[in-house]
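Take a look at the structure below.
Protein chains get the first letters and strands the later ones, always in sequence-line order, with residue 1 at the start of each.
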2 protein chains.
Amino acid sequence: MENKETFIKKLRSSGLRPTRQRIEICRVLYDRKNTFHFTINDLAGILKKKSNQKVSLATIYNTVFAFKKKNYLKEISINTNKSYFDTNVSNHHHFFNESTDQLIDLKNDDVGKVKIKKKIPGKKIKSVEVLVRISN
Amino acid sequence: MENKETFIKKLRSSGLRPTRQRIEICRVLYDRKNTFHFTINDLAGILKKKSNQKVSLATIYNTVFAFKKKNYLKEISINTNKSYFDTNVSNHHHFFNESTDQLIDLKNDDVGKVKIKKKIPGKKIKSVEVLVRISN
DNA sequence: TTACCTGCAAAGAGTTTGCAGGTAG
DNA sequence: CTACCTGCAAACTCTTTGCAGGTAA
């Protein structure tokens with residue numbers, strides 16, 4: 001559980017002014033015990049329910065992408081039509097349940113070390129992502 | 001290199017009538033030595049160049065998704081705004097060059113075996129996909 | 001002839017952008 | 001006061017759909 005002051009710092013360090021809307025976004029994302037997986041649409045829906053005033057999509061995209069850049073959020077590669085984000089920014093992988101479109105974290109220990117034996121000259125590896133598709 | 005008869009069989013077995021447009025699509029996809037990675041838009045562009053008559057998007061989507069269902073094409077998970085497909089349907093992984101939006105195959109030997117130690121009761125693993133993001 | 005296919009254009013979904021008015025510092 | 005932020009709506013991109021005319025079998 002984080003408090004308002006933490007959110008204000010988080011925002012400032014992302015180069016964002018701590019406005020009412022952005023603090024509400026922080027509350028939804030970080031004021032919880034467990035990892036949170038979401039799409040922009042999910043987030044917009046939750047904000048709409050929680051607060052009386054609506055937060056516009058432009059603001060949500062703006063904040064989410066700033067947080068992604070600051071590594072406060074991670075974007076997950078799934079080729080559905082929408083982007084999925086994860087509040088767990090540590091190095092980990094995912095199950096994607098194709099029956100329900102839901103993401104489940106795989107702890108680091110749940111996946112054996114992935115060895116990439118090939119190198120591409122002049123390129124750096126930015127990340128290694130494992131996606132395990134499951135269904136009922 | 002495959003010939004027209006092969007394409008006609010491929011189409012028929014996908015439940016598609018072998019029309020001029022679809023045979024042209026087959027030529028672009030399969031009449032080549034190497035694996036081909038593409039987006040729908042790429043494919044539309046190539047078809048436009050190669051043939052005098054244009055093949056409509058509806059037909060391209062229709063054919064590509066029928067081929068995907070038949071396992072003649074593989075869809076690759078990258079969270080850009082578009083879908084990537086691969087004519088290499090074997091079990092393999094990818095580099096994704098973030099600087100150029102290009103995909104590169106990783107041969108099976110290039111990636112150590114990926115062990116998934118966690119199981120989800122009642123769910124089956126459909127696939128395990130590794131995406132290695134690289135950049136300049 | 002019948003069922004399927006094509007091209008077009010419109011509709012949808014998700015995302016991005018421009019701008020006039022509002023707010024943090 | 002100034003720079004940044006907000007909401008709105010329009011614009012964009014990719015994808016899907018409806019339909020009238022065309023084609024494989």
Side-chain angles (χ1 to χ4, degrees), chain A residues 4-5 7-26 28 37-48 51-70 73 75-85 101 103, chain B residues 4-5 7-28 37-48 50-70 73 75-85 101 103:
Chain A
K4 193 166 167 179
E5 286 311 309
F7 298 148
I8 292 179
K9 274 182 204 156
K10 200 166 261 218
L11 286 163
R12 286 235 166 80
S13 92
S14 306
L16 299 176
R17 284 186 181 168
T19 61
R20 174 187 65 79
Q21 292 86 337
R22 287 170 173 169
I23 290 170
E24 277 172 24
I25 291 173
C26 284
V28 173
H37 296 119
F38 64 98
T39 63
I40 295 288
N41 196 46
D42 295 337
L43 182 50
I46 293 169
L47 285 165
K48 202 173 175 181
S51 57
N52 312 335
Q53 296 157 74
K54 181 188 164 192
V55 181
S56 86
L57 272 182
T59 303
I60 298 175
Y61 275 97
N62 172 340
T63 306
V64 165
F65 282 98
F67 281 178
K68 181 190 164 188
K69 200 170 283 175
K70 264 289 171 178
L73 285 175
E75 191 170 3
I76 299 165
S77 281
I78 309 172
N79 59 347
T80 60
N81 49 341
K82 45 198 154 202
S83 295
Y84 281 78
F85 296 88
D101 273 20
L103 276 169
Chain B
K4 193 166 167 179
E5 286 312 309
F7 297 149
I8 291 178
K9 274 181 204 156
K10 198 165 263 219
L11 285 163
R12 286 234 166 82
S13 91
S14 305
L16 299 175
R17 284 184 180 167
T19 61
R20 173 185 68 76
Q21 292 85 338
R22 287 170 172 170
I23 289 169
E24 278 172 23
I25 291 174
C26 284
R27 283 219 173 85
V28 173
H37 296 118
F38 64 98
T39 63
I40 296 287
N41 196 47
D42 295 336
L43 182 50
I46 294 169
L47 285 165
K48 202 172 177 182
K50 279 209 173 179
S51 58
N52 311 336
Q53 297 158 73
K54 181 188 163 192
V55 180
S56 86
L57 271 182
T59 303
I60 297 175
Y61 274 97
N62 172 339
T63 306
V64 165
F65 282 98
F67 281 178
K68 181 191 165 187
K69 199 170 284 176
K70 265 288 172 179
L73 286 175
E75 191 169 2
I76 300 165
S77 280
I78 309 173
N79 58 349
T80 60
N81 49 339
K82 45 198 154 200
S83 295
Y84 281 78
F85 296 89
D101 272 20
L103 276 168

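Distance B:I23 CD1 to D:dA24 P: 9 Å, rounded to the nearest Å. Between the CZ atom of B:F85 and the P atom of D:dC14 there is a distance of 13 Å, given to the nearest Å. Taking atom CG of A:N62 as the reference point, atom C1' of C:dG18 lies 14 Å away to the nearest angstrom. The separation between B:N41 atom CG and D:dC12 atom C1' is 13 Å, rounded to whole Å. For B:E24 and C:dT6, the CD to P distance is 11 Å, given to the nearest whole Å. The separation between A:Y84 atom OH and C:dT15 atom P is 10 Å, rounded to whole Å. Atom CZ in A:F65 sits about 14 Å away from atom C1' in C:dT17, given to the nearest Å. The distance from atom CG of B:N79 to atom C1' of C:dG14 is 13 Å, rounded to the nearest whole Å.
Closest to the side chain of B:S56, from the set C:dG7, C:dC5, D:dT15, is C:dG7. For A:R17, taking side-chain heavy atoms from C-beta onward, the closest of the listed nucleotides C:dA24, C:dA3, C:dA13 is C:dA24. The side chain of A:R12 has C:dG25 as its nearest neighbour among C:dG25, C:dA13, C:dC8. Residue B:T19 has its side chain nearest to C:dT6 when only C:dT6, D:dT6, D:dG7 are considered. Distance from the side chain of B:N81 is smallest for D:dC14 among the nucleotides D:dG7, D:dC14, D:dT15.
Listed by chain and number, the residues in a salt bridge (Lys or Arg N to Asp or Glu O under 4.0 Å) with A:K68 are A:E75 (sequence neighbours excluded).
Contact annotation: B:Q21 side-chain N/O to C:dG7 OP1/OP2 distance is under 4.0 Å. At D:dT15, one or more side-chain N or O atoms of B:S83 fall inside 4.0 Å of OP1 or OP2 (strictly under the cut-off). For A:R22 and D:dT6, the shortest distance from a side-chain N or O to OP1 or OP2 is below 4.0 Å. For the OP1/OP2 pair of D:dT16 and a distance below 4.0 Å, the side-chain nitrogens and oxygens of B:Y61 include no atom meeting the criterion.
Looking at every heavy atom in both residues, A:I25 comes nearest to A:T59 through CD1-O, 4.3 Å. Residues A:H37 and A:D42 come closest through the heavy atom pair O-OD2, 4.5 Å.
Map A:K54 and B:I40 each onto its nearest nucleotide of DNA chain D; the residue landing nearer the 5' end is A:K54.
Taking 4.0 Å as the cut-off between side-chain N and carboxylate O, B:E24 and B:R20 count as a salt-bridged pair.
Here the side chains of B:K4 and B:I8 are in contact, with some heavy-atom distance below 4.5 Å.
Within 4.0 Å of A:L57, counting heavy atoms only, lies at least one base atom of the nucleic acid.
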